[in-house]
Amino acid sequence: MTAETIRRTQGRGRLFNSILDTVGDTPVIRINNLAPEGVRLYVKAEFFNPAASVKDRLALNIIEAAERAGTLKPGQTVVEATSGNTGIGLAMVCAQKGYPLVVTMADSFSVERRRLMRMLGAKVVLTPRAEKGMGMYKKAVELAEKHGWFLARQFETSANADIHEATTAREIINDFAGDRLDYVVTGFGTGGTVAGLARVLRKERPETKIVLSEPENAALIASGVAQKRGAEGAPAASHPAFEPHPIQGWTPDFIPLVLQEVLDSGGYDGLRPVAGAEGIAWAQKLAAREGILTGISGGSSFAIAMQIAERAEAGAVILAMLPDTGERYLSTPLFADIPEEMDDEERALSESTPGYRMAAE
Ligand code: PMP
């Protein structure tokens, strides 16, 4: 396309019956300004999902798989422990399908998340941050048992990796058909994304290296310490290598059963630690230099993708997953150094013309 040609659009060629039909089919987008010379760097922008994260996929499939299996009855309350995006996705799905939803969440996660879930009609029950992920998880189990609710179990259910196998991975296969794909970079929360990708890429693109990333100060997999499990593969104890980290949505304080499949089957080729501050810095650069607004986990995967890109052979093609939107982090360290008031440069611009100036403070 040349600058002389106006951009045109055609619509999607269909009418959507429900917001739920807009989940998935997110675009893979080239990085132009930040990528080193000689390699092609892409991101898969999961914030194009209707509730703006990768977890819309899993939320929809957990509910529809349970409907198909008959384990979720019409009008039954759904309950889940979630660091936010699964709750937001479930709230969207439950609003559309008419199920009441109760979410348990540690009070350390961003305020935007709570308010978004409540906006979408869910009830949010906060748990003490000192009790970490296990606390919110156990609260959800207690509530489900006491009230006879449907527990979504994102950390154990097969509906999680299955939907990434059926959608996320297929989209990548189709979008890179006939092209190189040397590396895919992702972190993990439940491990659903990487498990789904590994199932498909290992078979259909065995040359593609799957690089898994985890927070430097919560390197559970790198520690080599096995997760203690109870009934149905649920975690029985907090993992000893866990420390609180700023990469919301990544690495809970246990190794989820959904991720265990990847560890047991050799579903990844490399494991790289990333510091939260690095992830934040790269999310800020993606916004300011590429116009791509993603959260801290997206910035963290991108940080690793940049490390790989800088050392990769000429012609290499690298894809990083961007799980959600940066707008979900206005109250967090991602925006901490983004000011609300005018800085000196903006004030000087204001004063460079006579009209409409703000009164000096
Ligand atoms: N980033 C964010 C912001 C998330 O909310 C999640 C899901 N918890 C992930 C990454 C990880 O995705 P998955 O659960 O598929 O491993």
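Each ligand, and each atom within it, is numbered from 1 in the order the structure gives. Because the structure is a prediction, the values reported are computed rather than measured. Keep in mind that the numbers below use all heavy atoms, side chains included, and drop hydrogens, waters and symmetry copies.
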Contact atoms of ligand 1, heavy-atom distance to [X] under 4.0 Å:
X	result
G191	13 (P), 14 (O), 16 (O)
P323	1 (N), 2 (C), 10 (C)
Q248	2 (C), 3 (C)
T190	13 (P), 14 (O), 15 (O), 16 (O)
D324	3 (C)
G189	11 (C), 12 (O), 13 (P), 14 (O), 16 (O)

Aromatic ring pairing F254/F155, orientation class (parallel under 30°, perpendicular over 60°, tilted between): perpendicular
Heavy atom of F109, distance to ligand 1 below 4.0 Å: no
[X] side chain vs [Y] backbone, donor-acceptor pair below 3.5 Å:
X	Y	answer
D175	I172	no
E278	A303	no
N160	L58	no
D253	H239	no
Q76	Y99	no

Would you mind checking which non-hydrogen protein atom is closest to [atom], with the distance to 0.1 Å?
atom	result
atom 12 (O) of ligand 1	T193 OG1, 3.7 Å
atom 2 (C) of ligand 1	S297 OG, 3.5 Å
atom 9 (C) of ligand 1	G249 O, 3.4 Å
atom 7 (C) of ligand 1	K55 NZ, 3.0 Å

Y329, portion touching ligand 1 at heavy-atom distance under 4.0 Å: side chain
Cationic tip of R14 above F16 ring, under 6.0 Å, 45° of axis: yes
Side-chain heavy atoms of I296 within contact of T332, under 4.5 Å: yes
Heavy-atom check, side chain of R272 versus side chain of L212, under 4.5 Å: no
Close N or O approach (N85, ligand 1; < 3.5 Å): yes
